[in-house]
Every structure is written in structure tokens, then in C-alpha cells.
Chemist: 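My structure is below; once you've seen it, I'll send some questions.
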Amino acid sequence: AEFAQGENIIFSVDAIDEDDSIQEVSLYINDIKFGSVSSFPYNFEWSTRKEESGTYTIRAEAIDENQALASDEINVIIDERVADIDGNVYSTVQIGDQIWMAENLKTITYNNGVPIELVTSSDLWEIKTTGIYCWYHNDEAACSETYGAIYNWYAVEYENLCPEGWHVPTDDEWKILEMHLGMSQE
């Protein structure tokens, strides 16, 4: 299974024995114990926000009251796509030494869980002094995939707009990109 960096992955382990005597189910990620539960449902949630891309071996072990052990494992691939707090997944691209999101941001929630206010009135857009967003032509269905969301400066300045570990590019970062693409220093 493949997932993007930043996604939360929920593992649901089916552990059943003949006399219903499962004592504990443990989950291991690359042979490091991630957690354990002693009652059904045997669910584990793994946030990949701080994980590097690569292949991870996920092993579930169940132990019953007689200390009989059963296990199973799968491989999970975390790729260099990035996910925002709303679950939108973005491709990335390396240009020179920089890694950029290859798509426009379309989150409606700051990465700390605070919702961003949707404003569809241009009159309100001009007077708001808090972070807000809208969709091009106020048409999310037709425009969100192509254009992403449109944010005011207050939303950008808040510093929690981008997925965790990402930020809005600085002027200096834009200049490095421009130089790599062949623009003059002027």
C-alpha cells in the first residue's frame, strides 16, 4: 500500500482465536514497537507527518492467554507526496536543490486544526483582518483541483497554512527558483 507523507494511516488488526482469549495485540513499525491494545477493536493510528519517504515493514502480533503468538506483516510505502490536515494530497517536484509542491494548496484548515473562514463576498474580503479563503468564481467543485484555494495575506501570515513541515516560500526562495529557471538576477 502507498501513502503520502503526512497522511494518518489506521491499521485495523483482525485477531481471533478459538477460545476468544487474545490478551494483547501489538503493532511494530520496522521492528520497533509502536503500541499495543488489550481489547477489541485492535486499531492503531500512525501519523506519517514526520516520517521519511521509503518502505516500512508493519507487523502485528497477537498473544493469547496461553502465550501463543501469531503474527502477520505488510509493507507500506511512504512517498514524497505531502498531505495537508484535510487529507488533500499534493505531488512534489525537485527544482535545483529545492523541493516544491507541484500543486496549489487547497486546505480549508490550518495545520493546527483551526478552520479557515470561507468568505464568498468581495465586500467582506476587502475588510476582513483575519485569515480567510475562497474559491475561484466561488465554485469549489469546478475550480479547487485546478486552482486550489485563494487565501488572503492574514491566512498566509498565520504560518500554519501549509502542511506541517512546509511553508509559504520566502522572497529569497522565489529568487533561487527564478535563477535556476534562467531568469537574470535583476
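The structure presented is a predicted model; accordingly, all values stated were derived computationally and were not measured.
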Chemist: CG of D14: more than 12 outside heavy atoms within 6.0 angstrom?
Modeler: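 At most 12 heavy atoms, drawn from other residues, nucleotides or ligands, come within 6.0 Å of this atom.
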
Chemist: To the nearest 0.5 Å, what is the distance between CH2 (W125) and CG (N152)?
Modeler: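 Rounded to the nearest 0.5 Å, the CH2-CG separation comes out at 5.0 Å.
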
Chemist: Roughly how far, to the nearest 0.5 Å, is the CD1 atom of I63 from the OG atom of S71?
Modeler: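 Those atoms lie 10.0 Å apart.
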
Chemist: Looking at every heavy atom in both W135 and S144, which two are closest together, and how far apart are they?
Modeler: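 Smallest interatomic distance, heavy atoms only, reads CZ3-CB, 3.5 Å.
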
Chemist: For the CD atom on E159, are there more than 12 heavy atoms of other groups (residues, nucleotides or ligands in this structure) within a distance under 6.0 Å?
Modeler: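 For E159, atom CD is not crowded (no more than 12 foreign heavy atoms under 6.0 Å).
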
Chemist: Stepwise, does the side chain to side chain contact (heavy atoms under 4.5 Å, CB included) test hold for L118 with I108?
Modeler: CA-CA 8 Å; L118 171 64; I108 59 172; over 6 Å; no

Chemist: Determine, stepwise, if the pair L161 / L105 fulfils side chain to side chain contact (heavy atoms under 4.5 Å, CB included).
Modeler: CA-CA 9 Å; L161 182 60; L105 194 62; 3.6 Å; yes

Chemist: Side chains of F11 and V25: closer than 4.5 Å at any heavy-atom pair?
Modeler: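 Answer no - side chains too far apart.
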
Chemist: Quick one: do the H167 and E173 side chains pair a donor with an acceptor below 3.5 Å?
Modeler: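 Yes, a side-chain donor-acceptor pair sits under 3.5 Å.
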
Chemist: Decide if atom CG of D97 counts as having more than 12 heavy atoms of other residues, nucleotides or ligands within a radius under 6.0 Å.
Modeler: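 No, not enclosed.
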
Chemist: Side chains of E65 and D19: closer than 4.5 Å at any heavy-atom pair?
Modeler: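 SC-SC contact between E65 and D19 confirmed.
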
Chemist: Run the side-chain donor-acceptor check on residues 35-44: report pairs under 3.5 Å with partners two or more places apart or on a different chain.
Modeler:
unit_1: S36; atom_1: OG; unit_2: E24; atom_2: OE2; d: 3.4
unit_1: N43; atom_1: OD1; unit_2: S12; atom_2: OG; d: 2.9

Chemist: Examine the side chains of T120 and N138 and answer whether a donor and an acceptor come within less than 3.5 Å of each other.
Modeler: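 Result is no, nothing qualifies.
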
Chemist: How long is the straight-line distance from CD1 of I176 back to CD1 of I95, given to the nearest 0.5 Å?
Modeler: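 Taking CD1 in I95 and CD1 in I176, the distance rounds to 12.5 Å.
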
Chemist: Does the side chain of N111 come under 3.5 Å of the side chain of E164 through a donor N or O and an acceptor N or O?
Modeler: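 Absent: no donor and acceptor within the cut-off.
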
Chemist: Within a reach of under 6.0 Å around CG of N112, are more than 12 heavy atoms found that belong to other residues, nucleotides or ligands?
Modeler: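 Enclosed: over 12 neighbouring heavy atoms sit under 6.0 Å from CG of N112.
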
Chemist: Please identify each residue that fulfils salt bridge (charged side-chain N to carboxylate O under 4.0 Å, His left out) with D31, with sequence neighbours left out.
Modeler: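 If we apply the salt bridge (charged side-chain N to carboxylate O under 4.0 Å, His left out) test to D31, skipping adjacent residues, the hits are R59.
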
Chemist: In terms of the angle between their ring planes, are Y56 and W46 parallel, tilted or perpendicular, with boundaries placed at 30° and 60°?
Modeler: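 Ring orientation of Y56 relative to W46: perpendicular.
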
Chemist: Is the shortest side-chain heavy-atom distance between I150 and Y136 below 4.5 Å?
Modeler: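 Side chain of I150 against side chain of Y136, heavy atoms only: contact under 4.5 Å found.
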
Chemist: Do I9 and I58 have side chains that get closer than 4.5 Å, going by heavy atoms?
Modeler: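 Result no, sub-4.5 Å side-chain heavy-atom pair not found.
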
Chemist: Go through the steps for T129 and Y154 under the test side chain to side chain contact (heavy atoms under 4.5 Å, CB included), then give the verdict.
Modeler: CA-CA 7 Å; T129 58; Y154 298 101; 3.9 Å; yes

